[in-house]
Student: 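Submitted below is the structure of interest, expressed as structure tokens.
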Amino acid sequence: MPADPRRRREAERAARHAPPQADPTSPAPRKRPITPDRITDAALQVIATEGYDALTIRRVAAVLGTGPSSLYAHILNKDDLDDLLIARLCAEIEIPEPNPARWREQILDVYGQIRDQYLKYPGVSRAALAMVPTHLETLRVGEGILAILLAGGIDPRTAAWTLDALTLYVSGYALERSLVQQRQRRREDAWVLSREELIDRFGALPADRFPYTRRYAPELTSGTGHDRFDFTLTLIINNLTTRSTP
């Protein structure tokens with residue numbers, strides 16, 4: 001007796017939506033190979049979601065679904081991973097052709113890009129502090145900044161030290177911003193005060209001991225966004241002495 005057509009159609013539909021059966025004769029799917037790029041991607045994922053303090057070789061290996069020993073085939077240690085992280089962020093920086101007429105503006109723009117890259121990943125600028133750059137992308141950015149300063153008429157040693165000072169400031173600035181944002185997300189950290197609260201506290205200080213802090217509380221707490229960042233970089237740049245043109 002022929003099978004019921006309705007039941008046959010239902011069986012066919014169920015078969016279409018059933019998970020495929022593994023073929024015992026086919027090889028198991030190969031895992032994606034571990035590469036420096038994948039390690040860097042996973043490390044940035046950890047920092048973006050958990051912060052730089054959570055970054056460890058073991059944590060990155062867990063994201064990749066492997067063991068730490070698999071990573072050590074591609075990186076030496078945590079310092080080597082830091083080098084890869086900063087290089088990845090530097091790869092996003094656009095370096096303009098040095099323009100002697102616009103060199104100050106160009107320096108502000110490049111360091112603004114670096115700042116923004118650091119702020120995407122809370123605390124990652126710690127990786128740049130006290131690190132000797134070896135990756136070509138990191139060296140490319142340093143080369144570009146140095147070229148802009150030299151095009152502006154800054155003597156080589158002053159240009160080199162300015163590069164170091166500005167890079168250090170940007171790393172410290174980004175780290176501070178990341179720490180404040182992290183603490184603001186914790187409700188138990190009630191010490192993070194608003195500007196109005198700070199002005200009130202400064203205004204309540206003893207006048208005989210803190211006359212200027214009381215009087216200039218609005219100025220001490222002023223600035224929004226990256227106002228102070230732009231102020232500091234401009235202050236340094238505008239005080240550089242350029243070589244006299246022959």
Side-chain angles (χ1 to χ4, degrees), residues 44 47-48 52 82-182 195 198 212-213 216-246:
L44 288 175
I47 298 171
Y52 182 79
D82 285 343
D83 194 28
L84 288 175
L85 290 171
I86 299 303
R88 171 67 67 81
L89 300 184
C90 283
E92 300 297 323
I93 306 301
E94 296 182 5
I95 303 295
E97 185 69 26
N99 184 341
R102 298 181 56 249
W103 70 274
R104 292 179 175 86
E105 179 184 340
Q106 289 181 325
I107 289 294
L108 287 171
D109 175 70
V110 171
Y111 276 110
Q113 292 182 62
I114 297 173
R115 172 203 66 201
D116 292 344
Q117 287 296 319
Y118 286 167
L119 291 178
K120 288 181 182 179
Y121 302 96
V124 74
S125 62
R126 282 176 54 187
L129 293 169
M131 181 187 76
V132 177
T134 59
H135 198 285
L136 292 181
E137 283 295 347
T138 310
L139 293 172
R140 176 188 69 88
V141 172
E143 173 78 9
I145 294 170
L146 188 60
I148 295 170
L149 290 168
L150 293 173
I154 309 302
D155 74 84
R157 192 179 77 164
T158 301
W161 288 15
T162 300
L163 167 63
D164 180 66
L166 293 177
T167 301
L168 179 61
Y169 173 73
V170 174
S171 297
Y173 173 88
L175 179 58
E176 181 192 46
R177 288 289 297 264
S178 297
L179 290 173
V180 170
Q181 292 171 0
Q182 181 182 22
R195 182 177 181 234
L198 277 174
Y212 298 117
T213 302
Y216 298 111
E219 287 77 10
L220 288 169
T221 58
S222 62
T224 59
H226 298 306
D227 291 344
R228 294 191 177 213
F229 176 90
D230 294 338
F231 169 82
T232 303
L233 262 64
T234 301
L235 183 68
I236 296 173
I237 293 170
N238 286 348
N239 279 277
L240 294 175
T241 302
T242 59
R243 297 190 299 266
S244 59
T245 55

Student: Can you check whether His135's main-chain N or O pairs, donor with acceptor, with Arg140's side chain at less than 3.5 Å?
Tutor: no
Student: Let's go through Gln113 and Glu94 carefully: what are the C-alpha distance in whole Å and the side-chain angles of both, what is the deciding distance for side chain to side chain contact (heavy atoms under 4.5 Å, CB included) to 0.1 Å, and is it a yes or a no?
Tutor: CA-CA 8 Å; Gln113 292 182 62; Glu94 296 182 5; 3.8 Å; yes
Student: So, do Leu119 and Ser178 sit near enough that their side-chain heavy atoms are less than 4.5 Å apart?
Tutor: yes
Student: How long is the span from the OG1 atom in Thr162 to the CD1 atom in Ile237, to the nearest 0.5 Å?
Tutor: 8.5 Å
Student: With no hydrogens and no angle check, just 3.5 Å: does a side-chain donor-acceptor pair link Thr134 and Asp83?
Tutor: yes
Student: Give, for atom OG of Ser171 and atom CD1 of Ile86, the distance between the pair rounded to the nearest 0.5 Å.
Tutor: 7.0 Å
Student: List the steps, then state whether side chain to side chain contact (heavy atoms under 4.5 Å, CB included) holds for Thr221 with Tyr216.
Tutor: CA-CA 9 Å; Thr221 58; Tyr216 298 111; over 6 Å; no
Student: Using a 3.5 Å distance criterion without hydrogens, assess whether the side chain of Glu137 forms a donor-acceptor pair with backbone atoms of Ile93.
Tutor: no
Student: How far apart are the C-alpha atoms of Leu175 and Tyr118, what are their side-chain angles, what is the distance that settles it, and do they pass the side chain to side chain contact (heavy atoms under 4.5 Å, CB included) test?
Tutor: CA-CA 8 Å; Leu175 179 58; Tyr118 286 167; over 6 Å; no
Student: Under a 3.5 Å cutoff, is there a donor and acceptor pairing between the side chains of Thr167 and Asp164?
Tutor: no
Student: Under 3.5 Å, is there a donor-acceptor pair between the side chain of Asn239 and the main chain of Ile236?
Tutor: no
Student: When rounded to the nearest 0.5 angstrom, what is the spacing between CZ in Arg228 and CD in Glu176?
Tutor: 9.5 Å
Student: Quick one: do the Tyr111 and Asp230 side chains pair a donor with an acceptor below 3.5 Å?
Tutor: no
Student: So which heavy atom on Ala160 is nearest to which on Leu146, and how close?
Tutor: N-CD1, 4.1 Å
Student: For the residue pair Pro133 and Thr138, what are the closest heavy atoms and their distance?
Tutor: CB-CG2, 3.5 Å
Student: Please evaluate residues Arg88 and Gln117 with respect to the criterion side chain to side chain contact (heavy atoms under 4.5 Å, CB included), reporting the C-alpha separation (whole Å), side-chain torsions for both, the decisive distance (0.1 Å), and the verdict.
Tutor: CA-CA 10 Å; Arg88 171 67 67 81; Gln117 287 296 319; over 6 Å; no
Student: Could you state the interatomic distance from CD (Glu143) to CD1 (Ile148), rounded to the nearest 0.5 Å?
Tutor: 10.5 Å
Student: Could you tell me whether the side chain of His226 reaches within less than 4.5 Å of the side chain of Arg177, counting heavy atoms only?
Tutor: yes
Student: On a heavy-atom basis, which atom in Asn99 and which in Gln106 lie closest, and how many Å separate them?
Tutor: N-OE1, 3.0 Å
